[in-house]
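Here is the structure we will look at, set down as structure tokens.
Since the model is a prediction, treat every value here as computed from it, not as a measurement. Note on naming: letters A, B, ... go to the chains in the order of the sequence lines (proteins, then strands), and numbering restarts at 1 for each one.
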Amino acid sequence: KNQVEQSPQSLIILEGKNCTLQCNYTVSPFSNLRWYKQDTGRGPVSLTIMTFSENTKSNGRYTATLDADTKQSSLHITASQLSDSASYICVVNDNTNAGKSTFGDGTTLTVKP
Amino acid sequence: EAGVAQSPRYKIIEKRQSVAFWCNPISGHATLYWYQQILGQGPKLLIQFQNNGVVDDSQLPKDRFSAERLKGVDSTLKIQPAKLEDSAVYLCASSSTGLGNQPQHFGDGTRLSIL
């Protein structure tokens, strides 16, 4: 069964600090992995997509990594801001005709002043 | 471009009543999804449409949930009768092709509370 596990479940950091969120998956065959940011009361918004051949991709202060051998991804946030407070959801897509998406339960990040 | 529109934003009903949610996807997007998101969890797919045909409804509780996408554009999701465990946020999303390499664009959801 395809699964996506995220850790930690929740995280509190001070403004300006860095943090790293983890995503482990068992989805097969693998197509790509997306990180979404979900603000409270809003729908998820795509931050970045990682394909099999990509190890690192940056989007501003967000940097995603992918290790396809160990089936792990991380999302690193640099110099956190109050607006980074949100849930971060890892979604892995399989490479079948159906292109199914498996969602993690997210990591809730709280950035405090 | 305009985003995915959903209504209503909030709905409170008593158990055993019925409720309907509406979704207008991004113009031109062939694929439309309905998700149920329980507090503290990731979205769970209820049904996926490709144009006006159903691609996946394997996790839709068909004894009480129904969905349609007439003319391949707008969609409605209905619950009848509602149970306490249906309290959740119902998210609609659309993508251009339904292939995994295209992002899903989500609406802000309808928050349903069952009393």
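- The aromatic rings of A/Y62 and A/Y88 lie tilted to each other, with the angle between the two planes from 30° to 60°.
- Contact count against chain A (heavy-atom pairs under 4.5 Å) is highest for B/D56 among B/V89, B/V4, B/D56.
- Ring-plane geometry between B/F21 and B/W34 is classed as tilted, the angle between the planes lying from 30 to 60 degrees on a 0 to 90 degree scale.
- Although no hydrogens or angles enter the test, the distance criterion places a donor-acceptor pair under 3.5 Å between the side chain of B/K62 and the main chain of B/D57.
- Residue with the most contacts toward chain A among B/K44, B/Q102, B/R111: B/Q102 (heavy-atom pairs, distance under 4.5 Å).
- The parts of B/Q104 that come within reach of chain A are both its backbone and its side chain, each placing non-hydrogen atoms under 4.5 angstrom from that chain.
- A 4.5 Å side-chain heavy-atom check between A/L66 and A/F30 finds at least one atom pair inside the cut-off.
- Annotation: salt bridge (Lys or Arg N to Asp or Glu O under 4.0 Å) contacts of B/E68 (sequence neighbours excluded): none.
- Across B/I38 and B/S87, no two heavy atoms sit closer than the pair CG1-O, 4.4 Å.
- Heavy-atom distances place the side chain of A/R34, and not its backbone, under 4.5 Å from chain B.
- Taking A/G41, A/P44, A/S31 one by one and counting their heavy-atom pairs under 4.5 Å with chain B, the maximum is reached by A/P44.
- Only the side chain of A/N93 has a heavy atom closer than 4.5 Å to any heavy atom of chain B.
- Looking at A/Q6, there are no atoms closer than 4.5 Å to chain B (heavy atoms on both sides), in backbone or side chain.
- There is no contact between B/Y33 and chain A, counting heavy-atom distances below 4.5 Å.
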